[in-house]
**Q** 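I am attaching a structure below and will ask some questions about it afterwards.
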2 protein chains.
Amino acid sequence: MEIEKRSFEIIAPHLKNLNLNDDEKKIYSRMIHAAGDVEYAPIIKISSNAIEAAKNAIKNGCNIFTDVEMVRTGINKKTLKKFGGEVFCKVADDEIKKIAEHEGITRSMAAMRNFGKKLNNSIIAIGNAPTALFEVLRLIREENINPAVIVGIPVGFVGAADSKKSLVEQNKIPFITVEGTKGGSPIAVAAINAIIYMLDNSR
Amino acid sequence: MEIEKRSFEIIAPHLKNLNLNDDEKKIYSRMIHAAGDVEYAPIIKISSNAIEAAKNAIKNGCNIFTDVEMVRTGINKKTLKKFGGEVFCKVADDEIKKIAEHEGITRSMAAMRNFGKKLNNSIIAIGNAPTALFEVLRLIREENINPAVIVGIPVGFVGAADSKKSLVEQNKIPFITVEGTKGGSPIAVAAINAIIYMLDNSR
């Protein structure tokens, strides 16, 4: 906790010109801390309604669906559980592997498709696979799936930047993301945990 | 696999002037891919004997000890198991929590100290906590612990850069690291999995 506090003090000057409210500052600080990279400051994007929507969803006991096991591992499940929510990830399931092979799609994509209506009112946390984010955006557009918030922070040089651009350009679902190629599991986890901790009075 | 291949092609020009051998290129590519950040290229440091030492350790069935659960989650345990090795992490154990509180040290530090002699001939993978890396370096210096390789890539603004500088400056144990504040679980996982995959003929 001491280390976290000192780290946030070091990060603070880099947020000064971004005109953030207190909740946004907490999320930015935790994401920048998780990457060890202050160059995240100008590329983090949080839609105006995302934090409120995420807080309400968590308070209502929403579940969180992740693209990879590392994101599931990192989310503070013990604190989430106090509100009734759980974290699910299917990417390593044998059933999903079979579906993905049969349909010629990635496992992350098959896993999101397989969650289907369970994604309604949930928080979706993507920290690795652009194809998972593209699939979620398709489910919203074509199948009326209606998640509460998308934390969409896939990483890499093939599809990640484009998938995050599409997330920012859709104007239906509140989102937290990072522009460009950077991102990853700890960054998505940082955003989610920052919000969980805002609601946890024991911290 | 297709996405990975295209990603590595995009990364390749950024490695051109670094004079890397094929194994080094694989590790660099996977680490840069995991961060979505080509600026890792000049700050990744691999000691001359680290890859060979890690390959031999894995072939001999060595275990891998991690500082956090996210690193354990990300390592390809199924492939490692073919050689006889397993991955251990104690940071979330109740026993470690008690020791850390009693001794006034971080849990990551208590966990590494608690592994003790089990760290001999192992690979240590640190993707989060500078205190875990500092403790491992102390165990080597003061208690003759002798790991095969340290993949030491803690992240952040408090201690991470210093702990990694100490890792580079000790000249006993082979290492893979990243200079400065950047790093994190997926970067440590990427380095470890790159080496595991070099040994796996099924890939």
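So you know, we letter chains A, B, ... as the sequences are listed, proteins then strands, and number each from 1. A quick note: this is a predicted structure, and the numbers were derived from the prediction, not measured.
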**Q** Check the surroundings of atom CZ in B/R113: do more than 12 heavy atoms from other residues, nucleotides or ligands lie under 6.0 Å from it?
**A**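 It does: B/R113 CZ has more than 12 such atoms within range.
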
**Q** Above 12 or not: heavy atoms from other molecules or residues under 6.0 Å from NZ of A/K172?
**A**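 Result for NZ/A/K172: enclosed.
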
**Q** Would you say A/K77 has more than 12 foreign heavy atoms packed within less than 6.0 Å of its NZ?
**A**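 Counting other residues, nucleotides and ligands, NZ of A/K77 exceeds 12 neighbours.
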
**Q** Tell me whether the count of non-hydrogen atoms from other residues, nucleotides or ligands lying under 6.0 Å of NZ in A/K55 goes above 12.
**A**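 Yes, the 6.0 Å shell around NZ holds more than 12 heavy atoms from other groups.
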
**Q** Other residues, nucleotides and ligands only: do more than 12 of their heavy atoms fall within 6.0 Å of CD on A/E2?
**A**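 Check fails, neighbour count at 12 or below.
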
**Q** Considering only heavy atoms and a distance below 4.5 Å, find which of B/V68, B/I3, B/T73 pairs most often with chain A.
**A**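 That would be B/T73.
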
**Q** Taking everything shown except A/N21 itself, do over 12 heavy atoms lie less than 6.0 Å from its CG?
**A**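 Yes - once you tally the heavy atoms of other residues, nucleotides and ligands closer than 6.0 Å, there are more than 12.
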
**Q** Side chain from CB out, backbone as N, CA, C, O: work out which of these in A/I10 comes under 4.5 Å of a heavy atom of chain B, or both, or neither.
**A**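 Answer is side chain: those atoms of A/I10 sit under 4.5 Å from chain B.
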
**Q** Nearest 0.5 Å, what's the CD1-CE distance between A/I75 and B/M70?
**A**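 Answer rounded to 0.5 Å: 9.0 Å.
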
**Q** Quick one: pull up NE2 in B/H14 and CZ in A/F157 and give me the separation to the nearest 0.5 Å.
**A**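 Between B/H14 NE2 and A/F157 CZ, I get 7.0 Å after rounding to 0.5 Å.
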
**Q** Enumerate by number any residue of residues 176-194 of chain A whose heavy atoms lie under 4.5 Å from heavy atoms of chain B; in the absence of such residues, state 'none'.
**A**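 Within residues 176-194 of chain A, the residues that come under 4.5 Å of chain B (heavy atoms only) are A/T181, A/K182, A/G183, A/S185, A/P186, A/V189.
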
**Q** Does anything in residues 32-40 of chain A reach chain B? List residues with heavy atoms under 4.5 Å apart, or say none.
**A**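 Against chain B, the residues of residues 32-40 of chain A that fall inside the cut-off (heavy atoms, under 4.5 Å) are A/I32, A/H33, A/A34, A/A35, A/G36, A/D37, A/V38, A/E39.
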
**Q** Just wondering, more than 12 heavy atoms not from A/K118 lying within 6.0 Å of its NZ?
**A**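 No, because the 6.0 Å sphere around NZ of A/K118 holds 12 heavy atoms or fewer from other groups.
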
